[in-house]
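Atoms within a ligand are numbered from 1 in the order they appear, just like the ligands themselves.
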Amino acid sequence: MSAEEDVREGLSAKQKHLPAYLFYDERGGQLFTQITTLPEYYLTRAEREIFTTQQDEIAELLTADAKQLSVLELGAGSAEKSQILLKALAKRCALTFYPVDVDSAALQVCCTNLAQQPSLRVSPMVMQNQEALSVFQRVSGPKAIFFIGSSIGNLSDDEARSLLQSVRASLGSGGFLLLGADQTKDIQTLLRAYDDAQGVTAQFNLNILSHINQRFGANFDLSRFAHRAIWNESARAIEMHLVSQQTQQVDLTTLGFSIRLQAGETIHTESCAKYDERRITHLLSSAGLTRHATLQDTKKQFAVYLARA
Ligand code: TRP
C-alpha cells in the first residue's frame, strides 16, 4: 500500500492508527536520535553494553573457525551500535557487511564510519528489508543477519513471524540471526522510557502529525493532541497514542477527505512489544529458528539472542 492509502485506511478505522514509518521525516529522525540518549530510554545503552562487554563471545559464536563471513543488518541506519561487533568480527575473519536501509544518507554515514577498517568490506543496500533478504539469499558462504534495537517489537506478531521466516530462508541452514529484544519488566520503567520528563518522546509522537500536514496538506493542530504511552497487558506491549483534547474535525486536503475526532479519542501510532525467553523461543521456532545463546546486560533489562537456522 502507498503512504496515501495507509493514512486513509488508518484514519478511517474504528481505532484510528497511523503507520510508524511516517514518524521519520528529517525532524523525526533527529528526535529519534535524541530519544536514544535520554536517561529514561535504557534500551540503546543496555544493548550497547552487551555489544561492548560481550563482543568477543559474540564474535566467537558467529565465526567459529570460518575464514570469512557475510553479515546483513536490517534497518542498519548509520550502524552506530553494530560497528562494535563488526570490528570484533573483522579481527577474526574476512567480513563483508551489507547494511540495509531506505535512508541512503544514513547508509552514507555508515560507509564513512567503517571505511578505514582492514578486512571489512561494506556493500550498502538502499532498499526494503524483504527485497534485501532475497538478494542476500543468493550470497554463498557463512552468513549472519542482525536485527537489533528491539525493532522486532514494532511489528505485530504476524508480521514478526513472517519477517523471521524470510530471515530463515535468506540464511539457509547453519546461518545465525542476532536479535536484540527489550525485556518485560516493571511497568513504570517501561512507561517512563516512552514518556520522558523532557517530553522528547511526546514531540517525536506529535511530529507524525506535522509530517502528515506537510506531506498531505492536512491541518492537524498539534496543540489539540497530547502524547500518551500505555501498557497493553494482553499484547505485552507499550502503545503510543495521540489523544484528541477536544471534539474536532481535521481536513486532509490532498487526500480529499476529512475526519472527526471525539474528545479523548486516540490515534494509535506505535507498539513496542516486550519479551521474555518464552515469547522469543516461540516466535523463533514458528519461523524455523532455534535459540542458541542469550546475552544480557548487567541489569538484565535487554537481551541479545543468537538463533540458528
Ligand atoms: N524499537 C525501539 C523501541 O521499541 C525504538 C522505537 C521504535 C521507538 N519506535 C519508537 C522508541 C517510538 C520510542 C518511540 O523502543
Side-chain angles (χ1 to χ4, degrees), residues 6 10 17-25 27-51 73-82 100-103 106 129 146-157 159-160 163-164 178-212 225-232 235-243 266-276 279-280 283 297 301-305:
D6 284 339
H17 57 91
L18 285 169
Y21 64 80
L22 288 177
F23 282 133
Y24 301 98
D25 61 0
R27 176 157 162 77
Q30 288 163 356
L31 286 166
F32 182 73
T33 305
Q34 216 181 320
I35 288 175
T36 63
T37 67
L38 292 169
E40 296 94 337
Y41 195 80
Y42 58 85
L43 287 80
T44 309
R45 276 186 302 278
E47 191 173 45
R48 191 184 299 114
E49 179 199 316
I50 297 169
F51 289 174
E73 179 171 354
L74 299 170
S78 60
E80 190 266 323
K81 275 177 289 178
S82 47
V100 180
D101 211 291
V102 289
D103 181 351
N129 286 341
F146 290 4
F147 191 39
I148 67 172
S150 209
S151 298
I152 182 110
N154 306 124
L155 305 176
S156 70
D157 282 349
E159 291 166 340
L163 181 71
L164 293 182
L178 181 124
L179 181 69
D182 194 22
Q183 299 294 287
T184 311
K185 57 181 66 63
D186 72 281
I187 295 168
Q188 281 317 313
T189 303
L190 289 173
L191 287 172
R192 273 197 296 271
Y194 296 92
D195 194 6
D196 63 283
Q198 293 169 61
V200 179
T201 314
Q203 285 180 58
F204 174 74
N205 197 11
L206 285 160
N207 181 64
I208 200 169
L209 299 181
S210 37
H211 185 199
I212 289 170
F225 289 88
H227 166 69
R228 186 188 287 162
I230 61 166
W231 172 249
N232 181 330
R236 307 208 54 80
I238 292 286
E239 285 181 5
M240 303 217 313
H241 291 259
L242 290 163
V243 188
T266 78
I267 304 173
H268 178 200
T269 51
E270 181 76 295
S271 288
C272 310
K274 305 301 164 188
Y275 299 89
D276 55 20
R279 185 171 186 178
I280 283 289
L283 199 56
D297 59 301
Q301 290 188 303
F302 199 90
V304 171
Y305 298 94

So, for Phe302 and Tyr275, is the gap between ring centers shorter than 6.0 Å?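 Between Tyr275 and Phe302, which both carry aromatic rings, the centre distance is not below 6.0 Å.
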Can you produce the list of protein nitrogen or oxygen atoms under 3.5 Å from a nitrogen or oxygen of ligand 1, alongside each distance?
from: ligand 1; atom 1: 1 (N); to: Gly149; atom 2: O; distance (Å): 3.0
from: ligand 1; atom 1: 1 (N); to: Ser150; atom 2: O; distance (Å): 3.2
from: ligand 1; atom 1: 1 (N); to: Asn154; atom 2: OD1; distance (Å): 2.7
from: ligand 1; atom 1: 4 (O); to: Asn154; atom 2: ND2; distance (Å): 3.3
from: ligand 1; atom 1: 4 (O); to: Tyr194; atom 2: OH; distance (Å): 3.3
from: ligand 1; atom 1: 9 (N); to: Glu270; atom 2: OE2; distance (Å): 2.6
from: ligand 1; atom 1: 15 (O); to: Tyr41; atom 2: OH; distance (Å): 2.6
from: ligand 1; atom 1: 15 (O); to: Tyr194; atom 2: OH; distance (Å): 2.5

Let me see the working for Tyr42 and Asp297 under side-chain contact (heavy atoms from CB on, under 4.5 Å), right down to the final yes or no. CA-CA 11 Å; Tyr42 58 85; Asp297 59 301; over 6 Å; no
Could you tell me which residues satisfy side-chain hydrogen bond (donor to acceptor under 3.5 Å, both in side chains) with Gln301, sequence neighbours excluded, listed by chain and number?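 So Gln301 forms no side-chain hydrogen bond (donor to acceptor under 3.5 Å, both in side chains) with any residue.
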If the condition is salt bridge (Lys or Arg N to Asp or Glu O under 4.0 Å), which residues does Arg48 pass it with, not counting sequence neighbours?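 For Arg48 the salt bridge (Lys or Arg N to Asp or Glu O under 4.0 Å) partners, ignoring immediate neighbours, are Glu80.
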Tell me, yes or no, whether the heavy-atom count around Arg228 atom CZ, taken from other residues, nucleotides or ligands under 6.0 Å, exceeds 12.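 No, because the 6.0 Å sphere around CZ of Arg228 holds 12 heavy atoms or fewer from other groups.
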Determine which pairs satisfy salt bridge (charged side-chain N to carboxylate O under 4.0 Å, His left out) with at least one residue from residues 184-197, sequence neighbours left out, and list them in order.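 Matches after skipping sequence neighbours: Asp182-Lys185.
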